[in-house]
Enquirer: 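Structure below; questions to follow.
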Amino acid sequence: MPNIRYSKNEHAALIHSFELYIGATLPDDYKTFLIEERFADYCPGIFDFAEGNMPIDTTVRFFYKMDPEENYRSIYPETDLFKDHFPDRTIIPVATDDGGGRFVMEHQDGIWTGVFFTEFWSGYNDYLKVADSFTEFLNGIRLAD
């Protein structure tokens, strides 16, 4: 069920505040998802890694929210974690899996370079590109059985 705590305009304002926080404009497909889904819990779903990348699928547990007041699922503390770990890069988490892995997007040289998967156990140092865009990432998720 959608989070109706905020209107679409208020969601757009939360997104804009986050863009100011990271110093980059989010991709349009990601912003549309955030506004249209109204920060609803989108999962659980299974993300199928492209053939040859990894021999496993993983469960997408939830998407991070732009709401700074959201204690558990706010994107802000997770973004800070990546900022502390990689101060010269702009990396934002968009979703998490059941094993502590993160699906993240990276912004380099004025563009978003795609969606990547990284695991907690690697210290978030190993990145596997799983999609060229947020839309491609969403299209790779199937509902859990």
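Every heavy atom of this structure was used, including side-chain atoms; hydrogens, water molecules and symmetry mates were not.
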Enquirer: Taking Thr96 for its side chain and Val60 for its backbone only, find out whether a donor-acceptor pair lies under 3.5 Å.
Expert: no
Enquirer: What pairs with Phe18 under ring-ring contact (aromatic ring centres under 6.0 Å, His included), at least two apart in sequence or on another chain?
Expert: Tyr76
Enquirer: Given 3.5 Å as the limit, does a donor-acceptor pair link the side chain of Asp97 with the main chain of Gly100, or not?
Expert: yes
Enquirer: In Å and rounded to the nearest 0.5 Å, what is the CE to OH distance from Met105 to Tyr30?
Expert: 5.5 Å
Enquirer: Is there a side-chain contact between Glu106 and Phe116 (heavy atoms, below 4.5 Å)?
Expert: yes
Enquirer: Check the surroundings of atom CG in Asp109: do more than 12 heavy atoms from other residues, nucleotides or ligands lie under 6.0 Å from it?
Expert: no
Enquirer: With side chains defined as the heavy atoms from C-beta onward, is the minimum distance between Ile15 and Leu26 less than 4.5 Å?
Expert: yes
Enquirer: Can you tell me how far CG of Leu14 sits from CE of Met66, rounded to the nearest 0.5 angstrom?
Expert: 9.0 Å
Enquirer: Among residues at least two apart in sequence or on other chains, which ones pass side chain to side chain contact (heavy atoms under 4.5 Å, CB included) with Thr25?
Expert: Glu19, Lys31
Enquirer: If every non-hydrogen atom of Gly114 is compared with every non-hydrogen atom of Lys129, which pair is closest and at what distance?
Expert: CA-CE, 4.2 Å
Enquirer: With sequence neighbours left out, write down each residue that passes side-chain hydrogen bond (donor to acceptor under 3.5 Å, both in side chains) with Ser133, or none if nothing qualifies.
Expert: none
Enquirer: Roughly how far, to the nearest 0.5 Å, is CD1 of Ile92 from CD of Glu78?
Expert: 12.0 Å
Enquirer: Are Phe63 and Phe103 an aromatic pair by the rule of ring centers under 6.0 Å?
Expert: no
Enquirer: Would Arg73 pass as a cation-pi partner of Phe62, given that its NZ or CZ must be under 6.0 Å from the six-membered ring centre and within 45 degrees of the axis?
Expert: yes
Enquirer: Report the relative orientation of the aromatic rings in Phe86 and Phe82; use parallel for angles under 30°, tilted for 30 to 60°, perpendicular for over 60°.
Expert: parallel
Enquirer: Would you call Tyr21 and Ile75 a side-chain contact if the rule is heavy atoms closer than 4.5 Å?
Expert: no
Enquirer: Could you tell me which non-hydrogen atom of Phe137 sits nearest to which non-hydrogen atom of Ala131, and how far apart they are?
Expert: N-CB, 3.5 Å
Enquirer: Compare all side-chain heavy atoms of Ile22 with those of Thr79 and state whether any distance is below 4.5 angstrom.
Expert: yes
Enquirer: Is there a side-chain contact between Leu138 and Phe33, using heavy atoms and a 4.5 Å cut-off?
Expert: yes
Enquirer: Looking only at heavy atoms, what is the nearest atom pair of Tyr64 and Ser74, with distance?
Expert: CD2-O, 3.8 Å
Enquirer: With sequence neighbours left out, what residues match Asp80 under salt bridge (Lys or Arg N to Asp or Glu O under 4.0 Å)?
Expert: none
Enquirer: Taking the cut-offs as 6.0 angstrom to the six-membered ring centre and 45 degrees off its axis, would you call Arg89 and Tyr127 a cation-pi pair?
Expert: yes
Enquirer: Report yes if some heavy atom in the side chain of Leu34 is under 4.5 Å from a heavy atom in the side chain of Phe134; otherwise report no.
Expert: no
